[in-house]
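Down below is the structure, laid out as structure tokens.
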Amino acid sequence: MSNPIQENWSKVQQRLRAEVGEDIYSSWFARMDLEAIDAGTVRLSVPTRFLKSWIQSRYAERVLACWQAVEGEVRCIELTVRSAVRPGAIKSKAESENGAEGPRFLNGNGTAHRPMSAGEANVHEALGGSPLDPRLTFESFVVGRSNTLAHAAAKQVASAKRGDAVMFNPLYIHAGVGLGKTHLLQAITWSANAIGERKALYLTAEKFMYGFVSALRTQTALAFKDALRGIGILVIDDLQFLQGKSTQAEFCHTLNALIDAGRQVIIASDRPPSDLETFDDRVRSRLAGGLVVEMGPLGEELRFEILKTRVIAARAHHPSFDVPPPVLGYIAKTVTHNGRDLEGALNRLLAHSKLTGHAVTLEMAEREVRDLIRPQEPKRVKIEDIQRVVARQYNVSRSDLLSSRRTANVVRPRQVAMYLAKTLTLRSLPEIGRRFGGRDHTTVLHAVRKIEGLVGNDMALAEEIEILKRQLQE
Ligand code: ADP
Ligand code: MG
């Protein structure tokens with residue numbers, strides 16, 4: 001290439017790409033153009049403000065350093081947003097090869113104004129949101145003790161007007177499997193879109209990832225981001241599945257951009273923000289910065305009400321379907337696991353009564369749902385739960401437990417947690433050691449013996465441990 005500026009620019013790009021990696025490079029820098037170099041100032045442009053702020057806040061120094069490595073006299077970088085139409089942006093090769101004097105303007109790469117590609121169409125499709133189940137509305141959502149707060153927050157968020165101050169952002173709902181997260185999130189989406197004040201977009205984490213990843217591949221990440229920013233309420237389900245550093249970084253920036261712009265973000269996950277282990281601290285603290293609500297297990301009363309609502313809904317299509325209250329009571333009492341099993345139990349009764357023409361009786365219910373009944377086997381306890389519960393009990397953080405700190409206020413809780421991990425789970429000592437910040441199995445063994453020894457003499461500690469066990473197993 002005969003143009004020395006262009007040549008240097010290529011070198012800078014190569015250097016940058018090597019430093020930040022292909023993913024990040026194509027995500028953030030692929031559409032950065034060199035506009036001019038003027039008296040030690042390099043002028044670069046990007047197509048959106050969003051991109052400008054992102055690069056400026058995170059990569060400004062790195063970009064400058066790359067320039068300085070290639071062209072020593074560069075003093076500063078100026079980043080601008082180029083307008084959609086750049087007259088004469090695409091110059092002929094001949095034009096860009098002269099002009100060694102004064103500000104030396106270069107050609108853009110000419111990609112800004114091409115018609116929408118198939119890749120972008122995919123991105124828009126991805127932005128169309130994940131499919132919604134028409135049955136998952138507020139009308140069919142039963143409110144009980146375990147979900148009152150989550151429901152109230154969801155209602156409030158769904159009905160807020162465009163100009164209203166955003167009360168909690170993000171709204172973060174967490175609960176175990178089958179406890180109504182998706183139901184509540186979809187209810188918000190239906191309701192907000194029906195009211196029509198603010199457009200709500202519901203995305204599973206996979207959809208978000210898929211959209212983003214395919215956008216990266218087709219180099220249309222910006223179109224994706226632009227479109228996302230047209231959303232009034234962004235709803236993301238099952239955030240725990242959002243994996244990969246660059247996806248998470250993208251999510252983080254999307255989150256910040258939306259929140260700063262006063263848009264509502266709603267998230268559901270199977271764990272609290274602090275337990276999203278693969279996410280970095282800043283994201284976790286931002287997620288925890290709005291309202292975090294947990295939905296507890298469905299109590300028997302709530303299960304009964306959910307079943308009742310379901311039967312009524314089913315009767316719209318199957319008028320002859322009837323489930324006597326004692327049968328509902330029986331199912332509510334015995335099928336305890338989660339909302340999905342309740343649904344499964346009713347579906348069986350419905351299928352059975354449709355196929356045989358027999359009315360639903362207690363006897364039939366007992367037979368049909370037998371395998372959905374969970375014996376009250378002790379709950380399987382997870383090491384993360386132990387760490388969380390112990391950390392809360394002793395007022396230390398989970399990362400303290402995993403850290404190498406040796407102060408007494410951390411050492412004892414850590415030993416207790418290891419002891420519980422050994423007694424309540426089937427994990428081996430080396431495995432437990434690994435899960436506690438990569439410790440040796442002998443350290444775990446020492447902790448277990450230590451606590452075993454203490455429990456015999458120290459009534460207070462014995463009681464504490466009993467309480468912890470009960471919390472973990474109930
Ligand atoms: P999650 O997303 O938390 O795993 P879902 O929202 O998919 O759980 O709920 C599982 C099933 O239980 C769905 O059929 C849902 O409608 C039902 N369900 C859960 N909680 C409620 C509730 N409070 N009211 C009505 N149905 C519920
Ligand atoms: Mg779900």
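Remember, it's a predicted structure, so these values are computed and weren't measured experimentally. Whatever order the structure lists ligands and atoms in, that order sets their numbers, starting from 1.
Side-chain contact check for S140 and H183: at least one donor-acceptor pair (N or O, by modelled atom type) lies under 3.5 Å.
Separation of atoms OG1 (T278) and CD (Q240) is listed at 10.0 Å; rounding is to 0.5 Å. Atom NE2 of residue H352 and atom NE2 of residue H358 lie 7.0 Å apart, to the nearest 0.5 angstrom. Here L136 contributes atom CG and I188 contributes atom CD1; the two are 12.0 Å apart, rounded to the nearest 0.5 Å. In this structure, NZ in K181 is found 12.5 Å from CG in N147, a value given to the nearest 0.5 Å.
Counting only protein atoms, the N, O or S atoms lying less than 2.8 Å from the Mg ion (ligand 2) are T182 OG1, ordered by chain and residue number.
By the 30° and 60° cut-offs, the orientation of the rings of F141 relative to H151 is parallel.
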Next on the checklist: Is there a side chain to side chain donor-acceptor pair (under 3.5 Å) between D400 and S403? Walk through the geometry before answering.
Outcome noted: CA-CA 5 Å; D400 282 336; S403 74; 4.7 Å; no
Checklist entry - Would D237 and Y202 count as a side chain to side chain donor-acceptor pair (under 3.5 Å) if you check the C-alpha gap in whole Å, the side-chain angles of each, and the deciding distance to 0.1 Å? => result CA-CA 8 Å; D237 202 355; Y202 171 89; 2.6 Å; yes
Next on the checklist: Walk me through whether E305 and T309 qualify under side chain to side chain donor-acceptor pair (under 3.5 Å).
Outcome noted: CA-CA 6 Å; E305 290 303 319; T309 316; 5.4 Å; no
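For ligand 1, the protein residues within 4.0 angstrom (heavy atoms only) are L136, S140, F141, V142, N147, G176, V177, G178, L179, G180, K181, T182, H183, I306, R310, G339, R340, E343.
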